[in-house]
Structures are given as C-alpha cells and as structure tokens.
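First the structure, in the form of structure tokens, and then the observations on it.
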Amino acid sequence: GQQLNQSPQSMFIQEGEDVSMNCTSSSIFNTWLWYKQDPGEGPVLLIALYKAGELTSNGRLTAQFGITRKDSFLNISASIPSDVGIYFCAGQNARQLTFGSGTQLTVLP
Amino acid sequence: DAGVTQSPTHLIKTRGQQVTLRCSPKSGHDTVSWYQQALGQGPQFIFQYYEEEERQRGNFPDRFSGHQFPNYSSELNVNALLLGDSALYLCASSLNRGLSGNTIYFGEGSWLTVV
C-alpha cells in the first residue's frame, strides 16, 4: 500500500537538542497529522493541521502544513528522554489516513 | 471519558483459521476505521464503517471483513489466515463531520500472530 516519504528513518540526539523530521507526498492532502507511537501501543495524536501554510504548536512541538499541501514537518525543541519513540506523519483525504514509514527517535542522556 | 478500546490485546492463531477483533470507539464517536500495522511500518488503512455500513475500503482482500453495531462498536474478521496477516491491528474512531476536520484517535491495538 501507499506510504508517505518520511525522513529521517532514525535519529540519535542528545537530550536538550532540537529535532526536525519531515514528510513528503506525490499526492495532495486536506489534513496532515503527526502521531507518536510507543512500543506495544497505538499511535497518539500530537498535532493536526487543517490548512495549507498553517503553523501549529503544542508545547515543545511545532508542525507546519506545506503550502503545496504535499508536505509537512515536525520540530521538537529541547528534547527530553520521554520523547523517545516512533513518530509518524499521516495525510488525510476523505475518510482514510495514509501514513509515513516512521522516524525512530532516540534521546541520549 | 473512555478512549478507543480494543480486544483481545494479543492472540495467536494457526494458518487457515479465522479471527475476530473487537473495538469500542471513543465516547461520542460514530465512525470506526481499521488499520493493519506490520512490524517496522506505518499503519495501512483496511476499511471504515459508518452507520453500520462499510463506506471506504483500502487495498485488502475480501478475507478481511467487518461489521459495525448500532452502538457504534465494530468487529474486524479475517478468514483463511496467512502468515503475512501477522501484525498489529489498530482501531481508530472519529466523529463524522464530512470529509475534513475529523480528528482520528487510535486504540492500543490487537497483536495477531499467525503460526
């Protein structure tokens, strides 16, 4: 099935550093979403973006809906150990989500 | 306020068997979707149910079927299980608000292992 192009695939960073990850698609989406998934659990919604060009923050997280509607990025500032996990982007059209392949984030003390 | 709940949490089946997974949506939500997540990949859309009918389907064979009940809960059935059906099956719920702005929430999933 189709998946979005998400990069990087994995990241190792020091605690306190900022993180950036992005997602691109050949298709236009009406909504972009970012989820975090911990081992053995379902994805948890972090940020939802509904308009092209929209920049939205949720605490230390900031995400933007690309102006072309084919891309999005997620920034995490001042990373902490509990940021460890897999981050997924997802584009939404109509009634289904199309997911990226995930970014595995490891935060080193 | 209960979130999305799924059962069972884990199960093991043999090739050729059939399995039924269950989902109760978040309180107030009327739409249920099912996703399959293979190890190391993002979730893949199976289908969505609204008003007890399947209204959109992803690229999955007819062995995958579902049902939605009047209380909005849902079941996912998989027949003639294959080894490749081993995955985390996620239920997602949302409130039907047309084609945009439907924030989707996921359950913790049911881990299916086919041996």
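Chain naming here is simple, since letters A, B, ... match the order of the sequence lines and numbering starts at 1 in each.
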At a heavy-atom separation under 4.5 Å, does Q37(A) approach chain B through its side chain, its backbone, both, or neither?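 For Q37(A), the contact with chain B is made by the side chain alone.
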
The interface call for L45(A) against chain B, heavy-atom contacts under 4.5 Å, is side chain

Are F99(A) and F45(B) an aromatic pair by the rule of ring centers under 6.0 Å? no

Counting the benzene-type ring for Trp, do F29(A) and F65(A) have ring centres under 6.0 Å apart? no

Under a 4.0 Å N-O cut-off, is there an ion pair linking D83(A) with R60(A)?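 Salt bridge flag = yes for R60(A) with D83(A).
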
Residues R63(B) and D85(B) bridged, charged N to O under 4.0 Å: yes

Quick check on [X] against chain A: is it the side chain, the backbone, both or neither that has a heavy atom closer than 4.5 Å?
X	answer
Y50(B)	neither
Q48(B)	side chain
Q6(B)	neither

Heavy-atom pairs under 4.5 Å with chain B: which of S101(A), P43(A), G100(A), A48(A) has the most? P43(A)

Here's a test for you: under side chain to side chain contact (heavy atoms under 4.5 Å, CB included), which of K13(B), Q36(B), H10(B) qualifies with L112(B)?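 Single side chain to side chain contact (heavy atoms under 4.5 Å, CB included) partner of L112(B) among K13(B), Q36(B), H10(B): K13(B).
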
